[in-house]
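All values below were derived from every heavy atom in this structure, side-chain atoms included, with hydrogens, water molecules and symmetry-related copies excluded. Proteins come first, then strands; the chains are lettered A, B, ... in the order of their sequence lines, and each starts at number 1.
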Amino acid sequence: MALDEQYKPQVIEQAAQTFWQENRSFEVKEDPNREKFYCLSMFPYPSGRLHMGHVRNYTIGDVIARYQRMTGKNVLQPMGWDAFGLPAENAAMNNGVPPAAWTYENIAYMKGQLKSLGFAVDWSREVATCTPEYYRWNQWLFLRMLEKGIVYQKTGTVNWDPVDQTVLANEQVIDGRGWRTGALVEKREIPMYYMAITQYAEELLADLDHLPGWPEQVRTMQKNWIGKSHGVRVGFPHSIGEGGTLWVFTTRADTLMGATYVAVAAEHPLALHAADNNPELAAFIEECKRGGTSEAELATQEKKGMATGLTVTHPLTGEELPLWVANYVLMGYGEGAVMAVPAHDERDFEFANKFRLPIKQVIEGPEVAAIRRSLQGGITEHGESFDNLRNELRGLEFTPDEWKLWYETKYGTCIHSGKYDGFDFEQAVDAIASDLEAKGLGEKKVTWRLRDWGVSRQRYWGTPIPIIHCDACGDVPVPDDQLPVVLPEECVPDGSGNPLNRYEAFRNTTCPTCGGAAQRETDTMDTFVDSSWYFFRYTCPDATTMVDGRAGYWMPVDQYIGGIEHAILHLLYSRFWTKVMRDLGLTKVTEPFANLLTQGMVVAPTFYREGEDGRKQWINPADVAVQTDEKGRPLSATLTADGQPVVMGGIEKMSKSKNNGVDPQKLIEQYGADTARVFMMFAAPPEQSLEWNDAGVEGAYRFLRRVWLFAHDHRAVIAAGRGASIEPSALTDGMAGARRQIHEILQQAETDFGKYQFNTVVAACMKLMNLLPNVPDAEARGAVVAEGMSILLRLLSPIAPHITHDLWRELGYGDDVLDAAWPRVDEAALVKDTIELVVQVNGKVRGKVQVPAAADNAAVEQAALTDETVARHVEGKTVRKVIVVPGRLVNVVVA
RNA sequence: GCGAAAGUGGCGGAAUUGGUAGACGCGCUGGAUUUAGGUUCCAGUGGGGCAACCCGUGGGAGUUCGAGUCUCCCCUUUCGCACCA
């Protein structure tokens, strides 16, 4: 007994976890007679240790899984490892250990960490993507997609480090330079395999409307990413080289009459042709190749361009338009060429303004017409009349604001457009498209922003692409009976290219078709392939095919939980793979994730000192003391070790680079898993970012200890009251009031649980805990306290499973709170005789009145007007109307 | 640059979705217990004012009897941008 009275999380958590393990509490089987619930958290990359983001993600998932189980569902919650990827290669370069050994070691350690958090995971279904048993199905499906024409080959642009002679990931390019060598990175075109996700663009877009369980913002982001746009393909005839037509795509064909030049990407064939006898242009094109390939980098770089000296012909006016090469036009996007309408496109305007290209207004909307009227006869900042200005544009430089004032009109009426004058957007597009079509120089067209998915990676630690290159037979798919193509696990990358290229035993093979000597493809697959279907494999991890019938029971995932940073790529690729699998007859589901919860980041304060070289040295918050004023406002911070000041760097995402991480392991050792879980659920709602706070952790611990101590102090009371039936009408007013509050809190908690708003669920549990010691010492106290405690334990059990597991048994409620029935509100406990109404005068609160719950509006009005303060504010004024919101408030409108 | 969000006390956040702004927790202040530190317990805590009251949800306008919530403009911060996962 004496030992019991202290809250010792390490002891009870160990005992609870042993109980679950011995009883195989979380291993589940398909049961067609029970409603299933597939609860899935995004699997971790085995980086070495869990970070707080993991802990938060898996705690949210675990709370949902345990809650759904208590509502009676057959709940599957699996776990596995996204085990291929770049960090393993980087680790190998640093410490000489092969990526495989490093990865498996990390998995073993992190699995132990996950177990110590008490997650209700069915570990018998564990999957690691770096095992041949898993990735053989990446290869198998790749080959099926190749057969169906969904996988194909073409060239793609990569970041090339000329010193290390290797391809770099975008992450490895810093300010246009290789992260290890510091060399200027170049763009390089290499052959790659692609997955034709654009074949599914229409369906991927349309099905977003059938995902009501996804956050609106994620659906919008995906919609914009897919980017369906209706426009016109326009041809500009030219006589460059052997002559031909330069094609562009535009969504604004109504502005075609305002096109004043045409720009192509540096890699465009016409640009290359023009450069043949123009060294200056050739140098410029070379310059455009510098820098990385990421869209953000390309879009924010300074706009550069150079005239080719060549022209193309405007398809409608016959006018000759200058042909430019511009770094803001991308070869891999659309036609690699654009028509430029500086008057009605901000980027074109900026470019035209810089290079003094003509600007021709062809659209006028109501806003601009109004400005024109106001300026009529007036003088602009440039000292010229508006109409003169338009004629003089060629010689003037404009600020973007000036341009906006005169020309920015989204949609309007065509002007200066010959036969199209007076047409609106739709009429102009229709007329121009049909005129172009008649000349064979254009037609209406739908285009997509979405591009096909390049899956080839020039890296070692990934799924080998199952292709064999034979001099005689070409590129030959590896036959199914030779799968998997097993990745050798002993290589150690050194930063210069893919070690598989030098690994003869892997590379050299025989051609499956002719039997002659041949070479394996050494590129591996993008790791997004691994994560695009792992949720299928969990349902049948030992299947001898890619998936089997068990997937039919569990899929789709009922609740998917993961970081918002995956809102587009991972989720889109997974949706695509699921549809491909469906078309191959492997599944009936068309969307993998019915409901999606995108959790926020874990952030923490940062501190630093500036070194002599001006570099910031980041100091861990654990080593810093913050001084506050008497209201608790932070004033300054000092390093605990030397007492000298450090700079407060603001709140940032927990990261190694800012040295503001908190190690979950230390937290668990100090306070236990339940405290960690309660704090994480309490400090913020799941979708918002969560600010780490050591004092807040203490608060969570204090709360759990109070629960523990109260339960132990009131064992006898609870034992006596447990199971006793409560007759609401026989309770004293005080007791009925206490019981009503308990059920009101339960009602609120129920709603919040349904919304997955766990921070207020914890708040509800705290309120219950504050209430229970104050239940009046009267008849039926034991029964009410026992009821309240059983509600508290059940509400809390998904969040703090260990302490509630222990207390549920200790207090004699049952064997296992895991399968206890979810608490239900007793409507009879909620009944009130009188209610309090707020009385406002002209919208300001002036008083409160008690009225019978059944009072009608007239009686309520009467009561409101007799309130002393209200009467004072109404006195001498005319009551215009009285608004009564039943059960809420009365608003007296006076004048 | 493009796309998507967020902004409420000293801090994390709450607000039945248009109806009492600040639940719950942290911090802070005062008190009790303790040899002391810690723990625990009690009280207070948006700002101003003796008070009546006034002000207050990033800034500015608007709709409404009533706006943190709806509409428009602006500012700031965060996430994603196709080879980090």
Side-chain angles (χ1 to χ4, degrees), chain A residues 42 44-45 47 82 85-87 156 158-159 167-173 215-218 220-221 223-225 227 292-301 303 328 332 346-347 449-459 526-528 531 563-570 572-573 598 600-601 603 628-634 650-653 679 682-685 687-700 702-703 709 747-748 751 757 759-760 762-767 770 836-840 842-845 848 872 880-883 885 888-889 891-894:
Chain A
M42 290 181 186
Y45 177 81
S47 55
D82 187 13
L86 205 50
V158 293
N159 304 304
V167 175
L168 298 179
N170 284 339
E171 187 192 51
Q172 299 170 314
V173 179
E216 185 67 41
Q217 88 239 37
V218 175
T220 307
M221 279 192 266
K223 225 168 251 184
N224 292 334
W225 184 264
T293 58
S294 84
E295 191 174 308
E297 193 181 331
L298 294 168
T300 50
Q301 71 192 354
K303 286 180 185 42
Y328 74 92
E346 204 159 350
R347 281 191 316 178
R449 207 187 83 93
L450 182 68
R451 310 200 294 263
D452 280 342
W453 173 16
V455 295
S456 295
R457 296 291 178 272
Q458 298 68 47
R459 278 188 242 298
D526 181 3
T527 54
F528 273 125
S531 55
I564 181 72
E565 66 272 21
H566 296 290
I568 296 177
L569 291 177
H570 162 60
L572 193 63
Y573 292 144
T598 50
M601 299 176 304
V603 298
T628 60
D629 69 8
E630 56 183 21
K631 292 221 163 171
R633 294 187 194 94
I651 309 285
E652 302 260 12
K653 179 178 180 173
F679 170 72
F682 181 55
E687 303 200 307
Q688 285 182 33
S689 65
L690 180 149
E691 190 176 322
W692 193 260
N693 182 327
D694 289 330
V697 176
E698 288 274 358
R702 269 204 290 272
F703 163 63
L709 291 174
Q747 191 174 39
Q748 182 64 53
T751 312
Q757 189 173 303
N759 55 331
T760 50
V762 176
C765 291
M766 288 172 169
K767 279 188 201 172
N770 292 340
E836 188 183 68
L837 291 183
V838 167
V839 186
Q840 299 180 330
N842 284 350
K844 296 201 173 186
V845 179
K848 288 169 191 179
R872 183 148 44 81
R880 287 286 152 89
K881 59 177 159 175
V882 178
I883 290 153
V885 183
R888 284 274 157 73
L889 59 70
N891 190 11
V892 183
V893 184
V894 298

A:Val882: side-chain contact (heavy atoms from CB on, under 4.5 Å) partners, not counting sequence neighbours =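 If we apply the side-chain contact (heavy atoms from CB on, under 4.5 Å) test to A:Val882, skipping adjacent residues, the hits are A:Glu861, A:Val879, A:Val884, A:Val890, A:Val892.
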May I have the distance from [X] (atom [atom1]) to [N] (atom [atom2]), rounded to whole angstrom?
| X | N | atom1 | atom2 | result |
| --- | --- | --- | --- | --- |
| A:Asp82 | B:C84 | CG | P | 13 Å |
| A:Arg457 | B:A82 | CZ | P | 11 Å |
| A:Leu86 | B:A82 | CG | C1' | 16 Å |
| A:Asp694 | B:C26 | CG | P | 14 Å |
| A:Leu298 | B:G3 | CG | C1' | 16 Å |
| A:Gln217 | B:A4 | CD | C1' | 7 Å |
| A:Leu450 | B:A82 | CG | P | 13 Å |
| A:Tyr45 | B:C84 | OH | C1' | 10 Å |

Considering only atom [atom1], compute the distance from [N] to [M] and round it to an integer number of Å.
| N | M | atom1 | result |
| --- | --- | --- | --- |
| B:U78 | B:G49 | C1' | 40 Å |
| B:U69 | B:G9 | P | 14 Å |
| B:G1 | B:U16 | P | 36 Å |
| B:C41 | B:U34 | C1' | 12 Å |
| B:C55 | B:U17 | C1' | 26 Å |
| B:A14 | B:C70 | P | 15 Å |
| B:C24 | B:U8 | C1' | 16 Å |
| B:A6 | B:G66 | P | 26 Å |

Base, sugar-phosphate alone, or nothing: which one does [X] contact when heavy atoms must sit under 4.0 Å apart?
| X | result |
| --- | --- |
| A:Thr220 | sugar-phosphate |
| A:Val603 | nothing |
| A:Gln301 | nothing |
| A:Pro685 | sugar-phosphate |
| A:Ser456 | base |
| A:Tyr328 | nothing |
| A:Val218 | nothing |

Toss me the dot-bracket line for RNA chain B: Watson-Crick and G-U wobble, both under 3.5 Å, 5' to 3', using | for pairs to another strand and [ ] for crossers.
-> (((((((..(((......[....)))((((((.......))))))(((....)))..(((((..]....))))))))))))....
For [X], what residues pass the side-chain hydrogen bond (donor to acceptor under 3.5 Å, both in side chains) criterion, not counting sequence neighbours?
| X | value |
| --- | --- |
| A:Glu698 | A:Tyr671 |
| A:Asn693 | none |
| A:Tyr328 | A:Tyr261, A:Asp348 |
| A:Gln748 | A:Asp752 |

Answer syn or anti for B:U17, where the cut-off is 90° from 0 on the glycosidic torsion.
->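 For B:U17, whose glycosidic angle is within 90° of 0, the conformation is syn.
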For B:G60, measure the glycosidic angle (O4'-C1'-N9-C4 for a purine, O4'-C1'-N1-C2 for a pyrimidine) and name it syn if it falls within 90° of 0, otherwise anti.
-> anti
Salt bridge (charged side-chain N to carboxylate O under 4.0 Å, His left out) with A:Lys223: which residues, sequence neighbours excluded?
-> A:Asp209
Partner set under salt bridge (charged side-chain N to carboxylate O under 4.0 Å, His left out) for A:Arg872, not counting sequence neighbours |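 Counting only residues at least two positions away or on another chain, A:Arg872 forms no salt bridge (charged side-chain N to carboxylate O under 4.0 Å, His left out).
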Tell me which of A:Gln688 and A:Val892 sits closer to the 5' end of RNA chain B, going by the nucleotide each one is nearest to.
-> A:Gln688
Contacts of A:Phe703 meeting ring-ring contact (aromatic ring centres under 6.0 Å, His included) (sequence neighbours excluded), chain-then-number -> none
Which residues satisfy the ring-ring contact (aromatic ring centres under 6.0 Å, His included) test with A:Phe679, sequence neighbours excluded?
-> A:Trp692
Do A:Asp82 and A:Thr527 have side-chain atoms, one donor and one acceptor, less than 3.5 Å apart?
-> no
Donor-acceptor under 3.5 Å (A:Asp526 side chain, A:Arg457 main chain) =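 No, because the side chain of A:Asp526 does not come within donor-acceptor range (under 3.5 Å) of the backbone of A:Arg457.
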Has the side chain of A:Gln688 got a donor or acceptor atom that lies under 3.5 Å from a matching backbone atom of A:Pro685?
->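 No, A:Gln688 side chain to A:Pro685 backbone: no donor-acceptor pair under 3.5 Å.
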Is A:Gln172 near enough to B:C84 that one of its side-chain N or O atoms lies under 4.0 angstrom from OP1 or OP2?
->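 So the side-chain polar atoms of A:Gln172 never come under 4.0 Å of the phosphate oxygens OP1 or OP2 of B:C84.
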Reading nucleotides 16-25 of chain B 5' to 3', which nucleotides get B (base under 4.0 Å from a protein heavy atom), which S (sugar-phosphate only), which -?
-> B--BB--BBS
Report each atom pair, protein N/O against N/O of nucleotides 76-81 of chain B, whose distance is under 3.5 angstrom.
none

Lys/Arg N to Asp/Glu carboxylate O, A:Arg449 vs A:Glu295, below 4.0 Å | yes
Run the numbers on A:Glu687 and A:Thr598 for side-chain contact (heavy atoms from CB on, under 4.5 Å), then give the verdict.
-> CA-CA 6 Å; A:Glu687 303 200 307; A:Thr598 50; 3.9 Å; yes
